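From a predicted model like this one, the values you see are computed outputs, not experimental measurements. Reminder, nothing fancy here: chain letters follow the sequence lines and each chain counts from 1. Below, each value reflects all heavy atoms present in this structure, side chains not excepted, and no hydrogens, waters or symmetry copies.
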Amino acid sequence: MKYDFKKIEAKWQKKWEEEKLYQVDVKNSAKPFYNLMMFPYPSAEGLHVGNMYAFTGSDIYGRYQRLKGNDVFEPIGLDGFGIHSENFAIKNKIHPAEMAEKTQNNFYKQLHMIGNSYDWSKTLETYDPDYYKWTQWLFLQMYKKGLAYKKKAAVNWCPSCMTVLSDEQVEAGLCERCKTEVVKKDMSQWFFKITDYAEKLLKNIDKIDWTEKTKVAQKNWIGKSEGAEINFQVPMTNDQSNPKSQITNLTVFTTRPDTLFGCTYLVLSPEHKFIEENKEKIENWNEVEEYIKKAKEKTDQERTNEKTGVELKGIKAVNRANKKEIPIFVADYVLSGYGTGAIMAVPAHDERDFEFAQKYDLEIVEVVEPEKKVKIAEQKCYTGDGILINSGKFDGMKNVEAKKAITEFVGGKFKINYKLRDWCISRQRFWGPPIPIAYCEKCGTVPVPEKDLPVLLPKTDDYMPDGTDRSPLARNEKFVETKCPKCGGDAKRETDVSDTFLDSSWYFLRYPSVDIKDQPFDKEITKKWLPVDMYIGGHEHAVLHLLYTRFVTMVLYDLGMVDFEEPFKKFRAHGLIIKDGAKMSKSKGNVINPDDYIEKYGADVLRTYLMFIGPLKQGGDFRDEGVVGIERFFGRLFFLVSKTLNSLGNEKHFEIERNKLIKKATNDIENLDYNTIIASLMEFLNLLDKQKEKISKKDLETLIIILSPLAPHFCEEMWEMLGNKESVFKVTWPEFDENKTKEAKIKLIIQVNGKVRDFMEVNNDISEEKASELVQKREKIMKFIAGKKIKKIIFVKGRLINIVI
RNA sequence: GCCCAGGUGGUGGAAUGGUAUACACGCAGGACUUAAAAUCCUGUGACCGCAAGGUCUUGAGGGUUCGAGUCCCUCCCUGGGCACCA
C-alpha cells in the first residue's frame with residue numbers, strides 16, 4: 001500500500017470544506033480561542049516559503065488548541081492595500097486594482113493547498129470598500145478625539161516612492177521599501193498623536209506575554225528618558241544698568257543635571273527658533289546662516305558623519321550653577337525634534353560633546369570622578385557614575401544624588417522625554433483609503449460624516465505618482481470637488497490616502513465581525529473573541545505594526561468601544577528560513593517556491609519538513625536533501641499502519657514511552673518547538689518498528705494524534721484507516737500520567753570524580769546506601785578507588801552516583 | 001557605540017547543573033536486484049590501541065561546583081535591532 005499524497009490531500013481538503021470543520025459560530029461558541037497569524041501582503045509572485053513557514057507554524061498551534069477542546073478561530077486575509085502592492089503593480093504595468101484581483105485569486109488558491117485550518121467564510125482584504133470604509137471610520141474617531149491633526153513639518157520623503165514615510169518606515173536613513181535615501185521635506189501632513197500614549201504603551205509592555213526581544217525593541221523605540229529642563233540666561237545687551245529687560249532664556253533638556261558645573265557651552269540645533277529671532281545680535285550672522293542652510297540640506301546620515309558647528313558670536317549664556325559666561329553654538333549634531341532642541345554641553349562626561357570640544361578646542365571641565373579607578377581609553381571621556389568635583393558646594397556628593405539637588409539649586413524642572421514621535425499617516429499615493437476630510441472655504445477642515453463613508457477610491461487609470469508632493473488623486477477633479485458636509489457649499493477633498501499600517505492596525509478586530517455591515521466590529525462578538533489569544537508573526541514588525549495595533553486598541557478602549565487595552569495576549573515571533581546557509585533572493589536564484597515541493601512531496605511533507613529544520617522562533621536552513629527524511633518517516637509510518645491492520649495476536653504496549661512522548665510533545669508544542677516533537681515521534685516510530693509483536697492501536701493512535709497538527713491530511717487518512725469515523729481533529733489531545741513516565745529499572749550512572757566509569761541496572765527507587773554499597777563492589781570501580789580514601793559520595797536519585805576520592 | 005539572540009560532528013540541529021553530539025541528512029559497508037532506483041540492516045566526533053580500554057572535545061581564556069554546552073567574569077566572532085535622543 002502506497003501513500004498517495006495527492007489523492008489524500010485533495011480528499012481531506014474537500015471533506016473539511018464540506019463539513020465546515022474549521023468554521024466557528026462566532027456568536028455561540030463555548031470555548032473561543034482566537035489564533036491569529038499576521039496577514040500577508042500578497043504579490044502576484046505568490047506565496048513564499050517564508051509565508052508558508054510562518055503560517056504553518058501558526059496553524060499547528062491552532063490545531064493543537066482545537067485538539068485541546070477549544071473552538072479555534074483561525075482567519076486569513078490580505079493586506080493588499082498600500083504602497084507595497086502599488087509599487088508591485090506599477091512595476092508590472094498593471095492597474096493596482098486589477099493586480100489585487102489577480103493576486104487574491106492566486107494567493108487564496110495557494111493558501112488552500114497548504115492545508116491550514118482557516119475559516120474561509122471570514123476572509124477580509126484591506127482594499128475592499130467594506131473594509132476600508134471602517135479604516136476611514138477609525139480615522140474619524142481619532143479626529144473626534146483630537147488625536148488626528150494636520151501640521152506642517154519636516155517629514156521623511158522618499159524620492160523614489162514619491163511619498164512621505166513615517167519615522168518607523170525609515171531604516172538607517174533609507175526607505176524600508178526601496179532603500180532609497182530619504183530626504184527631509186517641509187510638508188503639511190496628517191499625524192496621529194501616538195505620543196499621548198507613550199507612557200501607557202511603555203507601561204503595559206510588562207503586562208503582556210510577548211517575545212522578550214519584541215518587548216525590548218518597543219521599549220527602545222519609545223525611548224523614555226528622565227531628566228531636567230534647565231534655563232540658561234542670555235543677556236542681550238551690554239547695558240549693565242538695565243540688564244533684566246534684555247534677558248532671554250534658553251532652555252535645554254539634559255539627563256545629566258549632575259554635571260551642570262561641567263557645562264562649558266550650549267548647542268542649538270540649526271532649526272532652533274532662537275537663532276532666527278536673535279539674528280541682529282549675532283555678529284557673524286552670514287556665517288551662521290550659511291551653516292544652517294547647509295545643515296538643512298544634509299540627510300540624517302550625512303549629519304552623523306562628522307560633527308560640525310559655528311559659534312554664535314556676540315552673545316553668551318550664563319551657567320546659573322557657577323555664574324560663568326559660556327559660548328553658544330549652532331551644530332547639527334543636536335536634533336530639533338527632541339527635548340528642547342538645545343543642549344548643555346559637558347565635554348568631560350559626554351562623548352559627543354567631547355568630540356566637538358576637541359575639534360573646536362573648547363574648555364573641558366571634569367566634574368565627576370569615578371569611585372573606583374577605571375581605565376578611560378584615549379580620545380574618550382568618563383560617562384559613568386562617581387563623586388562630584390569642581391562643583392562648588394556639591395563637591396563630594398554622589399552624582400546620582402546630585403541630579404535632584406542641582407536641578408533644584410538652579411530652579412530646573414524635572415522632565416520626561418520620549419523618542420517616540422507622532423505617527424505621520426498621510427501618503428501621496430493612490431492605492432490606499434482616501435483620508436475622509438473635506439476643506440471648505442467657510443468652515444475650514446470638515447470631517448466626512450460617518451454616514452457618507454466610504455470615501456471611495458475613484459476608478460481611474462490616472463494613478464501614477466508624479467513626483468510632486470501631491471497625491472495622484474489631486475489631479476482627479478471629479479474626486480476633489482465636493483460639497484461641504486457642514487454648510488453644503490463648495491469644498492475640496494483631502495487627496496492624500498492613509499498609511500498602509502493604518503489598514504493593518506485594526507484588522508484583527510474585523511475578522512470575527514466581517515459579516516456585520518453597519519459597524520466595524522460587533523460589541524458582543526468582540527467581547528467573546530478578543531483580545532487575540534495567540535498572535536504569531538515576523539519580528540520585523542516589532543516597532544511598526546505591533547506598536548500601531550497597541551495604540552489603536554488603547555484609543556478604542558478610551559472611547560469605550562472595546563474592554564481591553566492590549567490587542568494580543570500572547571505574541572511569538574517566528575524566525576526566518578534561509579536556503580543552504582544564505583538568504584533567499586531572486587538575484588541569487590535560490591528562492592523556494594512551495595508549489596514545487598507540494599507537487600513533489602505533498603503539503604504535509606513540506607509542512608513537517610519546514611518545522612523539523614529548527615525551532616519556529618529560530619528559523620532555519622532549508623536544504624533539499626533534508627526533505628527526504630520526512631518522506632521516509634511518513635512512508636514507514638504509513639506502512640506500519642497498513643501492516644497493523646492485517647496483523648493478528650496480542651498487542652504490545654509501550655506505556656512508558658507513550659507517556660513520555662505525550663509529555664514531551666505537550667510541553668514542546670506549547671513552546672512552538674515543533675522540531676523536537678518530530679524527533680520524538682521518529683524515535684517512537686523506530687521503537688514500534690523494531691519490535692516483532694502486534695503494535696497496539698493505542699500507541700499508534702497517540703502517534704497519529706500528535707502528528708496531526710503537523711501533517712493534517714496524512715493523519716486524517718491513517719486515522720480513518722484505523723477504523724475511526726470522525727475527523728482526528730474532533731478527538732482530544734492525549735493526557736499523560738506522570739507516574740508512568742518513569743521506568744521501574746534504570747541504568748544508574750556511576751562516576752568517579754565526576755567521570756563516567758560504569759553503569760549499573762537497578763530499581764528506580766534504589767536508596768543511596770544500597771547503591772553506594774553495590775557500586776563499591778564493582779570490579780571496574782574498585783580499580784579506581786583501590787587504596788584511596790573516599791571523601792564523599794554524591795547520589796542523585798534515579799540518575800547517578802558519584803564517588804569523590 | 002549601545003541593546004538583543006547566537007557560536008555544539010561533514011551538514012541541519014538535540015541536551016530540567018548529571019552518559020554531550022538525540023533525531024535527521026550526508027557518507028561508508030552490507031542485503032535485495034541482471035542492473036539501477038526505492039527499501040532494509042550495520043557503522044559513523046577526534047586521537048591512541050589488534051582489542052579491552054584510555055585521552056581529548058560544545059568560539060578563546062579564567063572561575064564557581066563532586067560534576068559546566070548549561071551558572072559567573074574577561075575577550076573574540078556571527079546574525080538581528082537601535083543609532084548624535086543629550
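- If you look at A:Tyr609 and A:Tyr601, their ring centroids are not closer than 6.0 Å.
- Put simply, CD1 on A:Ile222 is 14 Å from P on B:A83, counting in whole angstrom units.
- In the set B:C3, B:A86, B:G80, B:C3 carries the atom at the smallest distance from any side-chain atom of A:Asn220.
- Defined by atom type and a distance below 3.5 Å, a donor-acceptor pair is missing between the side-chain atoms of A:Glu363 and A:Tyr265.
- Annotated as syn: B:G9, whose glycosidic dihedral is within 90° of 0.
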When you check every protein heavy atom under 4.0 Å of nucleotides 12-17 of chain B, what one-letter string (B, S, -) results, 5' to 3'? BSS-B-
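- Counting to the nearest Å, the P atom of B:A86 and the CG atom of A:Leu268 are 18 Å from each other.
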Any chance you could lay out the salt bridge (charged side-chain N to carboxylate O under 4.0 Å, His left out) test for A:Lys215 and A:Asp206, step after step, and finish with the verdict? CA-CA 8 Å; A:Lys215 292 210 227 178; A:Asp206 295 328; 5.5 Å; no
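- Phosphate proximity of B:C66 to A:Lys792: present, with a side-chain N or O under 4.0 Å from OP1 or OP2.
- Comparing B:U19, B:C66, B:A22 by their nearest atom to the side chain of A:Lys747 picks out B:U19.
- Side-chain atoms of A:Thr214 and A:Gln218 form no donor-acceptor pair, as typed in the model, at a separation below 3.5 Å.
- Here the side chains of A:Leu606 and A:Lys600 are not in contact, with every heavy-atom distance at 4.5 Å or above.
- As rounded to the nearest Å, B:G59 and B:G53 have C1' atoms that lie 31 Å from one another.
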Salt bridge (charged side-chain N to carboxylate O under 4.0 Å, His left out) between A:Glu743 and A:Lys660: does it pass, once the steps are laid out? CA-CA 10 Å; A:Glu743 320 261 355; A:Lys660 273 162 116 174; 3.6 Å; yes
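- The residue A:Phe622 sits apart from the nucleic acid: no heavy atom pair falls under 4.0 Å.
- Applying the 4.0 Å criterion to OP1 and OP2 of B:A86, one finds that A:Tyr338 has a side-chain N or O inside that range.
- When the options A:Arg572, A:Lys664, A:Lys617 are evaluated for a salt bridge (charged side-chain N to carboxylate O under 4.0 Å, His left out) with A:Asp673, the one that passes is A:Lys617.
- A donor and an acceptor atom, one from each side chain of A:Tyr291 and A:Thr308, are located under 3.5 Å apart.
- Using a 4.0 Å heavy-atom criterion, one finds that A:Lys797 contacts no nucleic acid atom at all.
- In this structure, A:Lys215 atom NZ and B:G81 atom C1' are separated by 18 Å, rounded to whole Å.
- Residues satisfying the ring pair (Phe, Tyr, Trp, His ring centres under 6.0 Å) criterion with A:Phe5, sequence neighbours excluded, are absent altogether.
- Distance A:Leu546 CG to B:G81 P: 15 Å, rounded to the nearest Å.
- An OP1 or OP2 oxygen of B:A24 is reached within less than 4.0 angstrom by no side-chain nitrogen or oxygen of A:Arg632.
- The aromatic ring centroids of A:Phe622 and A:Tyr597 lie less than 6.0 Å from each other.
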Please enumerate all protein N or O atoms sitting under 3.5 Å from an N or O of nucleotides 29-31 of chain B, with distances to 0.1 Å.
none

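- Spacing of P atoms, B:U42 relative to B:A22, comes out at 15 Å, to the nearest Å.
- When the C1' atom of B:G79 is taken as reference, atom CD1 of A:Ile577 falls 15 Å away, rounded to whole Å.
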So A:Thr741 and A:Asn659, side-chain hydrogen bond (donor to acceptor under 3.5 Å, both in side chains) or not? Walk me through it. CA-CA 5 Å; A:Thr741 58; A:Asn659 275 283; over 6 Å; no
All N/O contacts under 3.5 Å from nucleotides 49-59 of chain B to the protein, with atom names and distances to one decimal?
from  : atom 1 : to       : atom 2 : distance (Å)
B:U55 : OP2    : A:Arg757 : NH1    : 3.4

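- The six-membered or imidazole ring of A:Phe356 lies near that of A:Tyr360, with a centre-to-centre distance under 6.0 Å.
- A side chain to side chain contact (heavy atoms under 4.5 Å, CB included) with A:Gln751 is found for one member of A:Asp758, A:Asn802, A:Val804 and no other, namely A:Asn802.
- Here the P atom of nucleotide B:C40 and the NZ atom of A:Lys690 are 12 Å apart, to the nearest Å.
- At the heavy-atom level, A:Val267 lies nowhere under 4.0 Å from the strands shown.
- Within the 4.5 Å cutoff, the side chain of A:Ile60 has heavy atoms near those of the A:Ile669 side chain.
- Contact between the side-chain N/O atoms of A:Asn686 and the OP1/OP2 oxygens of B:A22 is not found at any separation under 4.0 Å.
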Give each protein N/O atom lying under 3.5 Å from an N/O atom of nucleotides 67-70 of chain B, with the pair distance.
none

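- Among residues at least two apart or in separate chains, side-chain hydrogen bond (donor to acceptor under 3.5 Å, both in side chains) pairs with a member in residues 677-690 of chain A are A:Arg636-A:Asn686, A:Arg636-A:Asp689.
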